[in-house]
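Numbering starts at 1 and runs along the sequence shown.
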Amino acid sequence: FKSVIFVLIPVYLFSGDSFHLIFAVAYIFVLLLITAAYYLFSKRAWWDLLSGTKLIQFRTTNQSIRSVSMTSLTIVLILTISIGVYPLTNFQQFRTSFLPKYPVNSETKRFADFIDTHAQDPVDYIFNLFEKYDLVVLSERLHPEYTQYEFISSIIRDKRFVDKIGNVYTECGSISSQGTLDTYLKTVFLNEDSLNKATAFLQRNSNSIWPLWINKNLFDLLKLANQLNINLVDSLKINWYFTDIPVKWEIMTSTSYNRQEQGSLRDKVMATHVIDTYRSKILRNERRTKGLVIMNFRHGYGLIKDRNGKKANHFFNQSNTTAFLMDSLPDKVCNVMLNTVSLRYGFILTPIQSGKWDMAFSLCGNPNVGFNFANSPFGADQFDGFVGNSSDKLRYEDVFTGFVFYKPLEQHLKKEGFPYMLYNFEDSLMRRANCVSPSYAASWKNMIAYYKQNETHSEAFSYAVIYNLLVNIGFSLLVLLVLAIGLIFYWTDFKK
């Protein structure tokens, strides 16, 4: 019985999927507290009560030896606690680095060797994919992450993109705002201020799901596209296509918002819009039919196939934009994963492959590179990037065509807010927010006050905070609890 309670259940929780990690920590805390409390009040263990047994102690050990043993154990446990708490001494590292780091071993060295011998410049890698595929899908990191758009910008401003590709499709942006976007991309603004105002107007009114899209990365990419187009002839101007579901914020109500959320098949709508636009370009015999597609996380996951190469009956195939694209346009679409964190435990972000990939790149000096997953050790690893999919036995090469590493996690940035974000917009924003929910509107009331004081907020992305709290601080508290219980047992026994 004790083996089940103290060994089998904790092992199961710690090795399980989804949110088992939280339950494991809570379970052990509660178990230790119950054990200590019951012993203090009854002077016997609760498992003796359940089993109907009685423990009779015979003292055979000298008290001084017992004291030395307890002192030694206390010192060891205090040192263990200190090691767990140590990451707190560097708050920046505690926020951005998953600790402890993955060990350097033969496996990480093998992965590092592959990077050194097979990787290429990430921008060149993307254009090499365009030689084979018409649509290249980038699977975004978390939406607010900014440095990924530095990489995307380097693709769009490349002469090869202007000459041969020319088209951008994004998840961000409703198809209802396409006309406004087209006008914006062709307009020459008199100065930076007028450009900022127009960009703010476009971003404030083009999101389908949220009353306001506050991420600075989209704002800056829109500006870049406009500025590039100024110096390009009409036939070479960059075309940008919003793909998200239609929206009419000016007549939105809470009822219509909920109906839209529950009834829309967003991924299929987005894929259909990309497919229709792509095919119409071919029918019109346009010179530039290829396109860069930017989708966030699972929307960028590819078509899952069975062992016979047929479309598998998998959740991704029924719900992901890129899977729809690949199914409708065989051999025309590929997808690329950007280095990021895992959503395997939901809001508890964790490193991909427990940090093995990040350590391999660190051994190489964190170069910005790209490569195909097929025939690579990275592609052969089990897919652990999304909630509930670790048991599917999917490999990364089953989900993605390729991989781009652009800056290590510690250098990722979160940027929110942009010029003129709230200019003559507060009342409209609050009306929209109330369509979502009263609690969401209340949160925006506080956010408005904040953004009035801080137009743009930039900081290192705090990927690791919750993880480090659980793994390091949580473990230290568990050890502290064990030490406290041990001292209580020792002291009560000492007084007998």
Side-chain ion pair, [X] and [Y], N-O less than 4.0 Å:
X      : Y      : result
Asp113 : Lys109 : no
Asp327 : Lys305 : no
Glu410 : Lys101 : yes
Asp398 : Arg395 : yes
Asp381 : Lys356 : yes
Asp163 : Lys159 : yes
Arg266 : Glu171 : yes
Arg344 : Asp384 : no

Checklist entry - What are the two closest non-hydrogen atoms of Leu349 and Tyr467, and how far apart are they? => result O-CB, 3.5 Å
Checklist entry - Between Thr180 and Leu202, what is the shortest heavy-atom contact and its length? => result CG2-CD1, 3.9 Å
Quick one: sort the [X] and [Y] rings into parallel, tilted or perpendicular, breaks at 30° and 60°.
X      : Y      : value
Tyr184 : Phe189 : tilted
Phe373 : Phe400 : tilted
Tyr301 : Phe383 : perpendicular
Phe371 : Phe378 : tilted

Any donor and acceptor pair, going by atom type alone, linking the side chain of [X] with main-chain N or O of [Y] inside 3.5 Å?
X      : Y      : value
Ser342 : Ile352 : no
Asn207 : Leu212 : no
Ser376 : Gly379 : yes

Quick one: are [X] and [Y] in side-chain contact, heavy atoms under 4.5 Å?
X      : Y      : value
Leu138 : Val293 : no
Tyr102 : Thr108 : yes
Phe98  : Ser354 : no
Phe127 : Asp158 : yes
Pro408 : Asp358 : no
Leu338 : Tyr406 : no
Asn226 : Leu195 : yes

Item to check | Criterion side chain to side chain contact (heavy atoms under 4.5 Å, CB included) on Thr170 and Tyr241, from CA distance to verdict | outcome: CA-CA 7 Å; Thr170 57; Tyr241 302 98; over 6 Å; no
Next on the checklist: Just to verify, what does Lys407 make a side chain to side chain donor-acceptor pair (under 3.5 Å) with, not counting sequence neighbours?
Outcome noted: Glu150
With a sphere of 6.0 Å drawn around [atom1] of [X], does it hold more than 12 non-hydrogen atoms of other residues, nucleotides or ligands?
X      : atom1 : result
Lys237 : NZ    : yes
Lys290 : NZ    : yes
Asn375 : CG    : no
Asp331 : CG    : no
Lys311 : NZ    : yes
Phe151 : CZ    : yes

Next on the checklist: Does His457 form a side chain to side chain donor-acceptor pair (under 3.5 Å) with Tyr450? I'd like the steps, not just the answer.
Outcome noted: CA-CA 10 Å; His457 174 73; Tyr450 172 81; 2.8 Å; yes
How long is the span from the [atom1] atom in [X] to the [atom2] atom in [Y], to the nearest 0.5 Å?
X      : Y      : atom1 : atom2 : result
Met270 : Leu265 : CE    : CG    : 10.5 Å
Thr277 : Asn239 : OG1   : CG    : 10.0 Å
Leu135 : Leu129 : CG    : CG    : 12.0 Å
Leu236 : Arg287 : CG    : CZ    : 5.5 Å
Glu416 : Met447 : CD    : CE    : 6.5 Å
Ile155 : Ile165 : CD1   : CD1   : 10.0 Å

Item to check | Check against side chain to side chain contact (heavy atoms under 4.5 Å, CB included), Thr147 and Arg141 | outcome: CA-CA 10 Å; Thr147 66; Arg141 300 165 180 162; 3.0 Å; yes
Are [X] and [Y] close enough that their ring centres sit under 6.0 Å apart?
X      : Y      : answer
Tyr463 : His412 : yes
Tyr396 : Trp357 : yes
Tyr440 : Trp210 : yes

Checklist entry - Run the side chain to side chain donor-acceptor pair (under 3.5 Å) check on Asn196 and Thr199 step by step: do they pass? => result CA-CA 5 Å; Asn196 283 338; Thr199 310; 5.3 Å; no
Next on the checklist: Please determine whether side chain to side chain contact (heavy atoms under 4.5 Å, CB included) holds for the pair Val369 and Gln120, giving the CA-CA distance in whole Å, both sets of side-chain angles, and the decisive distance to 0.1 Å.
Outcome noted: CA-CA 5 Å; Val369 297; Gln120 58 182 299; over 6 Å; no
Checklist entry - Passes side chain to side chain donor-acceptor pair (under 3.5 Å), Asn167 versus Tyr278? Steps please. => result CA-CA 9 Å; Asn167 302 294; Tyr278 164 77; over 6 Å; no
Item to check | Stepwise side chain to side chain contact (heavy atoms under 4.5 Å, CB included) test for Thr322 and Leu303 | outcome: CA-CA 7 Å; Thr322 305; Leu303 183 71; over 6 Å; no
Checklist entry - Between Tyr146 and Lys415, is there a cation-pi geometry (under 6.0 Å to ring centre, at most 45° from the normal)? => result yes
Next on the checklist: For Tyr125, give me all partners under ring pair (Phe, Tyr, Trp, His ring centres under 6.0 Å), at least two apart in sequence or on another chain.
Outcome noted: none
